[in-house]
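Heads up, the thing below is written out as structure tokens.
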Protein chains: 2
Amino acid sequence: MAIDPDAEIDHGAPLTPYRQLAEILRARIRRGDWAPGRAIASETQLVQQYGLARSTVRRAIAVLVESGEVFTVPQRGTYVAEKPSSEAI
Amino acid sequence: MAIDPDAEIDHGAPLTPYRQLAEILRARIRRGDWAPGRAIASETQLVQQYGLARSTVRRAIAVLVESGEVFTVPQRGTYVAEKPSSEAI
DNA sequence: TCTGATTTGTCCGTATGTATG
DNA sequence: TCATACATACGGACAAATCAG
């Protein structure tokens with residue numbers, strides 16, 4: 001059961017908003033919205049797109065950083081990590 | 001993994017443009033585009049070649065000045081430093 | 001001496017994005 | 001939600017010095 005990359009945040013769902021967003025972003029990366037090495041949407045854009053607080057968006061990103069799927073560069077943005085065993089650039 | 005001397009600036013990359021340019025210039029010097037004691041391209045030329053603001057170009061040059069790879073002469077240009085332990089002039 | 005082109009030096013303001021409270 | 005701070009990037013403007021003619 002894959003998560004819908006185009007899903008929206010459901011504040012009434014059992015899963016907390018930040019976990020929902022983490023799953024959505026994960027699905028969007030898998031779909032190819034942002035290629036490895038490229039920046040995902042900025043925090044400001046995600047705040048506007050999903051109607052969440054900045055702190056919530058940052059928490060969602062932190063989940064993906066924790067799992068090594070993305071990495072944040074200070075004063076630059078959040079980037080999709082390169083796949084471990086995949087085709088070279 | 002050597003940096004490509006012919007690379008272009010990628011504004012979407014994690015590395016900031018001025019750092020990218022610093023690496024490119026470093027690679028070009030190593031390649032021999034400009035010999036030790038010779039002036040590298042002027043700030044204006046670099047602005048045109050790489051599509052960056054002059055302040056960004058200057059910041060990139062500052063990186064190389066900081067590391068002693070080049071030195072700037074006011075109203076003259078930026079020159080490639082002589083190699084520390086190399087053949088004399 | 002003068003003029004114009006070139007080059008670096010310096011400052012301004014605006015915008016974006018993250019970091020923090 | 002709001003505010004502030006910091007780093008980065010861009011664009012513009014002007015100054016000062018150099019050099020060629």
Side-chain angles (χ1 to χ4, degrees), chain A residues 8-12 16-22 24-26 28-29 33-82, chain B residues 3 7-26 28-29 33-82:
Chain A
E8 297 182 356
I9 301 300
D10 180 1
H11 291 270
T16 59
Y18 86 89
R19 288 184 182 281
Q20 288 181 47
L21 179 56
I24 292 174
L25 294 179
R26 188 169 285 159
R28 293 187 62 179
I29 291 174
D33 283 19
W34 308 291
R38 309 303 304 183
I40 69 173
S42 70
E43 295 181 357
T44 300
Q45 290 175 324
L46 293 177
V47 165
Q48 299 171 337
Q49 288 174 21
Y50 294 97
L52 296 171
R54 190 184 201 78
S55 56
T56 303
V57 169
R58 289 176 61 76
R59 198 175 306 178
I61 292 176
V63 170
L64 303 184
V65 171
E66 177 70 18
S67 59
E69 294 166 273
V70 302
F71 61 96
T72 297
V73 180
Q75 276 70 50
R76 280 250 80 191
T78 298
Y79 298 78
V80 179
E82 313 289 345
Chain B
I3 291 83
E8 296 182 358
I9 302 300
D10 180 2
H11 290 268
L15 204 62
T16 58
Y18 86 89
R19 289 184 183 278
Q20 288 181 48
L21 180 56
E23 290 301 324
I24 292 173
L25 294 179
R26 188 170 285 158
R28 293 187 63 179
I29 290 174
D33 283 19
W34 308 291
R38 309 297 305 180
I40 70 173
S42 71
E43 295 177 358
T44 300
Q45 289 176 325
L46 293 176
V47 164
Q48 298 171 337
Q49 288 174 21
Y50 294 97
L52 295 172
R54 184 159 165 245
S55 57
T56 303
V57 169
R58 286 177 60 76
R59 200 172 303 178
I61 293 175
V63 171
L64 302 184
V65 171
E66 176 70 16
S67 58
E69 294 166 273
V70 302
F71 61 96
T72 296
V73 180
Q75 279 70 54
R76 286 256 59 197
T78 298
Y79 298 78
V80 180
E82 312 289 345

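Every value quoted in this text rests on a predicted model; they were computed, and no experiment measured them.
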Problem set entry | Presence of salt bridge, A:Arg38 and B:Asp10, under 4.0 angstrom | yes

Whole angstrom value for the distance that separates [atom2] of [N] from [atom1] of [X]:
{"X": "B:Gln45", "N": "C:dT8", "atom1": "CD", "atom2": "C1'", "answer": "13 Å"}
{"X": "A:Glu43", "N": "C:dT18", "atom1": "CD", "atom2": "P", "answer": "4 Å"}
{"X": "B:Ile9", "N": "D:dT8", "atom1": "CD1", "atom2": "C1'", "answer": "14 Å"}
{"X": "B:Arg59", "N": "C:dT8", "atom1": "CZ", "atom2": "C1'", "answer": "17 Å"}
{"X": "B:Gln48", "N": "C:dT7", "atom1": "CD", "atom2": "C1'", "answer": "13 Å"}
{"X": "B:Arg58", "N": "C:dT8", "atom1": "CZ", "atom2": "P", "answer": "8 Å"}
{"X": "B:Arg76", "N": "C:dA5", "atom1": "CZ", "atom2": "P", "answer": "18 Å"}
{"X": "B:Leu21", "N": "D:dT8", "atom1": "CG", "atom2": "C1'", "answer": "14 Å"}

Exercise. Taking it one step at a time, do A:Thr56 and A:Thr16 satisfy side-chain contact (heavy atoms from CB on, under 4.5 Å)?
Worked result: CA-CA 10 Å; A:Thr56 303; A:Thr16 59; over 6 Å; no

Exercise. Looking at the side chain of B:Tyr18, which of C:dA19, D:dT8, D:dT1 is the nearest nucleotide?
Worked result: D:dT8

For this session: Could you work out which one of D:dC10, C:dT8, C:dT20 sits closest to the side chain of B:Leu52?
Result: D:dC10

Problem set entry | N/O (side chain, A:Thr44) to phosphate O (OP1/OP2, C:dG17) under 4.0 Å | no

Exercise. Closer than 4.0 Å, any side-chain N/O of B:His11 to the OP1 or OP2 of D:dC10?
Worked result: yes

Exercise. Do A:Arg54 side-chain and C:dG17 base share a donor-acceptor contact under 3.5 Å?
Worked result: no

Exercise. When only distance counts, do a donor and an acceptor, one from the side chain of B:Gln75 and one from the base of D:dT18, lie under 3.5 Å apart?
Worked result: no

Exercise. Where do B:Ile61 and B:Glu43 land on the side-chain contact (heavy atoms from CB on, under 4.5 Å) test, with the steps shown first?
Worked result: CA-CA 9 Å; B:Ile61 293 175; B:Glu43 295 177 358; 3.9 Å; yes

Exercise. At under 4.0 Å between heavy atoms, what does B:Thr72 touch on the DNA or RNA strands: base, sugar-phosphate, or nothing?
Worked result: sugar-phosphate

Exercise. Ignoring hydrogens and geometry, is there a side-chain-to-backbone donor-acceptor pair from A:Arg76 to B:Ala13 under 3.5 Å?
Worked result: yes

Problem set entry | More than 12 heavy atoms of other groups within 6.0 Å of A:Glu8 CD | no

